[in-house]
Structure formats: C-alpha cells, structure tokens
Amino acid sequence: MAPAGSAERRATVPIGPCLRAVVEGLRGGHETVANVSGGSFPLRPPLDSLLGMDREAGRPRPRRPARIGLAACLLGLAAPAPGPAGAGPAEAEPDSTASGVVISAVFADGYAPGDADEAIQLWNVGPAPRSLAGWALDDGRGRAAFGPGARLEPGAWIWLTREPEAFTRSFGRPPDAAWGRADGFDGLRMATLGGGPRLADGGERLELRDAGGELVDALVYGDASADPAPGPGWSGAPLHAYAGGVIGSAHQVLSRKLDPSSGQPTTDHDRGADWASDAEDPLLGRRARYPGWDLEALLRPLRLRETARIEIALAPDALRGFLLAQLRAARRSIDMAVYSFENPELAEALAERAAAGLRVRLLVEGGPVGGIDLAERWCLDRIAAAGGQVWWMDAGGDVAARYRGMHAKLALIDERRVLVGSENPNLGSTPAAALATGSAGRRGVYAAIEAPGAAAWARDLLARDIDPSAHRDLRPFQPRDPTRGAPPADFVPDREGGGAGYAPIAPEPLRLTQSLTMEWLSAPESALDPISGPAGLVARAGPGDSVLVEQLAEPLWWGDGPVEGNPALNPRVQAYLVAARRGARVRVLLDGYFDDPASWNGNAVTVQHLNERGRSEGLDLQARLGNPTGQGLHNKMILLTSGCGDPPVPGGREPPGCGRWSQLGSLNGSEVASKVNREVAVNLRSDAIYAYLAEVFAWDWARSGANALYLPRLSWPPRDPPPLRATGAGPGRVPGPAPAAKRRLGARADIGPPLLYR
C-alpha cells in the first residue's frame, strides 16, 4: 500500500479493448501504429512470437491495410496517479453491482519456517473506492475478516499476511494487514475464525467474500481439485506456478497478468489464463515472480525525451580509460551494481573516492557462475577498507536472493550521470595492456548518460536494490570470511589482462550532446514489454529497414525446449524471423568463444536455424558465430532502423518518422535474463549513436563466421581498416571511418553500404 503522494499508483487503462485488439489484429495480419514522444512509428509486433508459433512452411498471409490506434491505450503515457491505497474512515461510495476487487497474488510456499510469511494481495481494479469492512478471506480451514474502516482506493492494492515480521523479512516491506501473530504491528488487524487461512503449498481453494457473504472472487491453485469445474468463481484447471528450463516452481508468488500500458491487472475471467504463470500465453504469461520484487512500481519502462550529454565507449578498445575517468570525476557519490568486479585499477579508483569522503556503494552477485575469484575478493577488500559499502546479493537466513542473478551493469555518479553497459569491471573487457600495440579482450559497449530523467530512474532502481535495512538478501562484505572475504595476504592480482591479436578500432569514446528519446528497461519487471522490450523494439523495423544484433547468448528455445507441450521459440529469435519476413534486412552475430558447440540450445543451434530459415524462405537474413576481439563477444546490443525503408536517392529525403535505435545494456537473450535476473537496458533513438555502433557491427561481422580474421597465433599486426573517428561528434555530426574504410567494411560485412551509410 503506497504512502500518500506515491507515484506508484496509476489510473486504470483497461487492456480489454486495447491489447486484445492488438492481438486480434495480428492474428488477422493487421499492422498497428503507436506514438512515442509525439512521433509515430510502425509497430508490427512479431506475430509468431505473440501467438507462440513457428511457421514451418510458407510465409505469413498477406497483411490487410488496417491500422489500430494505440497512442493512449497501449502506451498509457499520461495516466494520472490516483490517491493512495489504505485504510481510512468509512465514506459513502457509489452503488455498484460489481465489486471491482480481485485476489491478485498469493504467496503460499513461503520462505519462513511454517510458512509464516504466506500472503495474499487484493487489488481494486474498479473505478471507485471500496469499503472492505466485513469482507473476509476463507480457504475452508480458516477465515480472516476486515474490521470497520478498512478501505481500498481505485487502482490500488494491499498485501495481507499471517505474520508481519516474517512477511517483512521476505518481501522487504511491511504488509498492510495481518490475520495472525502481529506484535507491534501498526497496520490493519483482521479478526480470525479457525486461526485464519493456512495457505496449502500443494494447493487449495481461496475465496473472497463481501460483508453480506456474497462471493467476490475465488482462486483455485495447485492440486486442489481434480474436478474440472471446482465451484463458483473459478472454471477450468487449477492454477500452477510457471516452471521452465532452470526456473523452478518453488517459492513463487502466484500473480495476475498485468497490463503493460496501465500497470493494472487484466480482465478477470475466473480462469488460470488470467494469471501470469499461464503457460499458453507467450505475451503476458509464462512468468514467475518472487518476494522482494518491485513489479507493480517498475512494470512500465520509462519513456522520455530530453537533452543529454552522452559518451559511448567500446570494449576492450576504450572501456578501461572510460570507466577510470568516470569514477575519478565523481565528487559526491558513486552507486554501482554489477555481476562481478575483478579489475584492481578500477577497484583502487573506487577506494580512492571512498577514502576522499564520497559515499561509495557497490552491489555484486553473491553466487556467480564458477564461484568468487580471488581477484574479486582483493578488489572488494580494497574498496571496503577505504570506507566503501560493499554488499553481496545472496540468500540471507530464511530468505532467498530476490533475483536469480544480480546481472545488471549499472552505476550512478553524483546522482546525475548514469553508466549502463554490457561489461563487468573485469580485465577481460578492461585490459590494461597497451592498446596501441593491440590487446585482445571482450567486445562490449558502455554508455554514460547525463540527463535528469534518466538519473532519477537509475537512482530509484538502485535505491530499491541497495537497501540493506529492508532486504535480507544483502550480505555485507566481511574481510574475515574464509570463502569470500579478503584473499590470502600474499595474493597479487593480475593487472594486465588482454593479449595479442586485436587492434583497437575505437580507442576514444564517442561524445555528443543532443535531444533524444530514451526508453529505460529493467528485468524482471519490464524487459518483456511489448513495445520497448527487445522483441517489441525489433517489431518496429519494416520493409527496407535493418536489424543488427550482437549478442553473447541467444538460445533458440526458452522453457524446456523442443519437447511435447512446450514448442515455443525464444521470442527474440521469433522477432528476428518475423522482421525478415516483413522485408527487413536482418543480421545476427552471436558469440562463438564462450558458446558450447555441443549444446542442444547454444548459439550454434540458433545460427543454424536462422540461416536455414533465411535460405528456405528467401529472406534477407543471415547469422554468424564470432569472436572478433579474441576473448569473446560479450555484447548485448540491438541496432535497427524504423520506418526508414530503402535508402533514399542521393539528395532525397527520408520518410517522416524514420528513426534509428540502439539498445544497450546487460540483457542476454536467455529466458532467465528476461524473467528472473536483475538486468538493465536502454533504447536510444539517435542517428549518431546508431551510425557509430553500426560501423562497429560491420567490423565485427566481417571478422566472424567464414570470414573470421582473428586467430590468436597470427602474426601481429593484422591488416585492419583505420579506426573509427570518434572526435568532434555532436548534434548533426555522424562519426565514422574514412571513405575508403567505409567501402571495405561494407563489402566485407556482406550487408552493403545501403544498410549502414545512408
């Protein structure tokens, strides 16, 4: 329940006539149109992805020239914030036959001993306030009822629990009401019969009834009933938690589908299809949720247009110097969340800032793949010894970590400059070897963005994640810990990294100041947004447009793979296919260094699938495995043009609304990344940024697949085109290589000047 003045509550924009129209339009082959920041772009969502199909034969049926308006409905940009939820004096309210209140979430399989933290969320989806006085929740074994004065505002929700202290440990916030032991609790106290509900882990029927005893809503979950019609208020099979791949069903919060435009629950049909764990819905279903998430508050991406100072740094070329300069420029504070931290020079820069009296807070993953390296322990010890606050995100007591992985690469400097990218501060991406003579490393991209709206978004996200007073999954770095404290006293970290075989093509960052549109995403909340998420972004590319993808991991299958009952492809891969079928030119470059060629679901399988489809359907679609910089392609980047079509003749004008987008950040193509990790990504609409990164893509593409030039034992230096010119960039100025280099890059990349150089 939000405090007064909270911006977390939004007015309801019903999804019924909105998203249903979109999906039905897609089934019929319609095109849709959306409006962002006053500009229109064609929104052609990936049909096969939305409908969970992979069309094995033939092309999609011809599109009919229909257009569905989505500006206010689907985006909900101007939804006003209503009053907060809460308890208050009983007031007169409009007479209504529909209650407007639903059971919106249930946490039955708790973390606490005896499931003391089990909880229920109620949500008022109606247009009017509702008095809850006398309303009761009943699971057939116990009942809990609201007393006089209980009230729920329109568009607001409340959490009810058995024991407030246990709930607070698990969820990182106090509940709004409690029906069990509640010593010292100042929220709503509920009267009980039979000790109140005892939510069964294996499943049961839960009912919400009003003061007159009339059934308001019901939920049947788990193995509660073999009867296909288990009573009034529910029809069909019981609800089950979503489990796919490495996402297990234990300790999940069963939660309703939320409309991505309004943030409100979708229409209630009294069926499992209303819930986010619905395995038949690839758009809003197949989701998991765990305690501690800020799902309701962060569900919608931040979309804004403002003037920003931006730097774009390429790894391994310029990232070391870029990060050092950003950290050393801090004057008040540095807040950072990364997966791992193993670069001693960058650790010393943070320690120096902490010793100078700045607030330095660092959050890292407590259970990284392969364990915690001694180099990381050395780095964190230096930062903590200088006065920095260093935290692991890991299980604490009875509470599991909120996310499967703290995988974001996000920093906020002086609460005004945001750093976001694909790389951890490790030697692989920030080698200290002299780049002038060549240093192998990992390909990635980082951005520094100084803009008030972006800084406010990052500040809010980091404040939620780095809050040890609220979340038990934040474990302080302890130097004496034998397994993840300070390393042995004689340990000396490597300070070089790198290796021969790669000459930098962008040794200096791109710097520019311009007004641009930005869309900020976080996983697990908004990474699958149908407009701004990766699949939604790719859906903007139409005939004659281009889609360039450079990705560490893009498995072909999500869930349990190609098994009976779960045939869904990775929706991002589906989006690439559908974009090509619409007439876009699509190039997908995936890492071949970390990839396991024997894996049934590795990058090699995806590359083979895309290339076979491209050939069999006659699509302008190609995919390659690559390792252009010697130590892996670690990037998570999507570049595309939207509404630009074929390049104009010399001196001609581009179509109105033509836009060039770049998605940067930490978001891999795996299901885990989008659904249960903490990730951050940003979409930037900028011709200059697109042109710069498209040149990088062309260089990498030319050295990948059958055209790969990089071999670690080749003599140094290889014959490469001149580096990118990043100097002098600004509004209206697009950096790039010299004309001769342009011609070579275009030819080698097999994507041609029309794609990159208009």
Side-chain angles (χ1 to χ4, degrees), residues 109-112 169-172 243-253 288-294 336-343 347 361-381 383-384 388-410 422-429 461-462 464-468 470-487 493 522-524 527 552-553 555 594 596 634 636 666-668 670-680:
D109 184 12
Y111 292 137
R169 285 198 302 269
S170 296
F171 283 76
V246 298
I247 301 175
S249 60
H251 305 299
Q252 284 195 30
V253 178
R289 180 178 180 177
Y290 296 95
W293 291 8
D294 295 300
M336 179 179 288
V338 294
Y339 186 72
S340 60
F341 198 122
E342 299 173 9
N343 185 307
R361 299 190 300 176
L362 174 64
L363 177 61
V364 294
E365 168 60 33
V369 175
I372 299 169
D373 193 274
L374 286 174
E376 180 165 32
R377 292 166 60 181
W378 188 96
C379 291
L380 302 187
D381 183 54
I383 298 167
Q389 303 174 43
V390 181
W391 304 91
W392 304 103
M393 178 167 282
D394 204 354
D398 300 321
V399 177
R402 278 165 282 171
Y403 316 115
R404 183 173 181 86
M406 167 48 69
H407 194 253
K409 287 82 174 157
L410 178 69
S422 62
E423 304 308 300
N424 294 299
N426 300 338
L427 290 176
S429 54
L461 187 74
L462 288 164
R464 294 174 186 276
D465 282 349
I466 310 178
D467 187 358
H471 292 289
R472 299 296 180 95
D473 61 355
L474 296 184
R475 317 291 286 172
F477 176 84
Q478 297 177 332
R480 295 185 180 181
D481 188 310
T483 60
R484 59 184 189 182
S522 66
L552 169 67
F594 297 102
D596 178 3
H634 199 252
K636 294 91 177 168
S666 67
L667 191 59
N668 283 317
S670 68
E671 184 174 31
V672 166
S674 288
K675 294 183 178 179
V676 292
N677 272 3
R678 164 58 83 222
E679 310 277 3
V680 173

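Just the heavy atoms: all of them, side chains too, but no hydrogens, waters or symmetry mates, feed the values below.
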Ignoring hydrogens and geometry beyond distance, is a side-chain donor-acceptor pair present between [X] and [Y] at under 3.5 Å?
| X | Y | answer |
| --- | --- | --- |
| Asp481 | Thr483 | yes |
| Ser666 | Glu679 | yes |
| Glu365 | His407 | no |

Measuring from atom [atom1] of [X] to atom [atom2] of [Y], what distance do you get when rounded to the nearest 0.5 angstrom?
| X | Y | atom1 | atom2 | answer |
| --- | --- | --- | --- | --- |
| Arg361 | Leu462 | CZ | CG | 7.5 Å |
| Ser522 | Asp294 | OG | CG | 9.0 Å |
| Leu363 | Trp391 | CG | CH2 | 10.0 Å |
| Arg377 | Asp381 | CZ | CG | 9.5 Å |
| Trp378 | Asn343 | CH2 | CG | 9.5 Å |

[X] versus [Y]: any side-chain heavy-atom pair under 4.5 Å?
| X | Y | value |
| --- | --- | --- |
| Lys409 | Asn424 | yes |
| Leu474 | Met393 | yes |
| Val676 | Tyr290 | yes |
| Asp109 | Gln252 | no |
| Trp392 | Met406 | no |

Please name the residue in the list Val369, Asn426, Val364, Asn677 that meets the side chain to side chain contact (heavy atoms under 4.5 Å, CB included) test with Tyr339.
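Option passing the side chain to side chain contact (heavy atoms under 4.5 Å, CB included) with Tyr339: Val369.
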What about His251 and Tyr111, are their ring centers closer than 6.0 Å?
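Here the rings of Tyr111 and His251 have centres that are less than 6.0 Å from each other.
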Do Asp394 and Arg475 meet the salt-bridge criterion of a basic N to acidic O distance under 4.0 Å?
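Salt bridge: no.
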Take a 6.0 Å sphere around CZ of Arg472 and say whether it holds more than 12 heavy atoms from other residues, nucleotides or ligands.
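Counting other residues, nucleotides and ligands, CZ of Arg472 stays at 12 neighbours or fewer.
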Asp465: partners by salt bridge (charged side-chain N to carboxylate O under 4.0 Å, His left out), with sequence neighbours left out:
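Arg402, Arg678.
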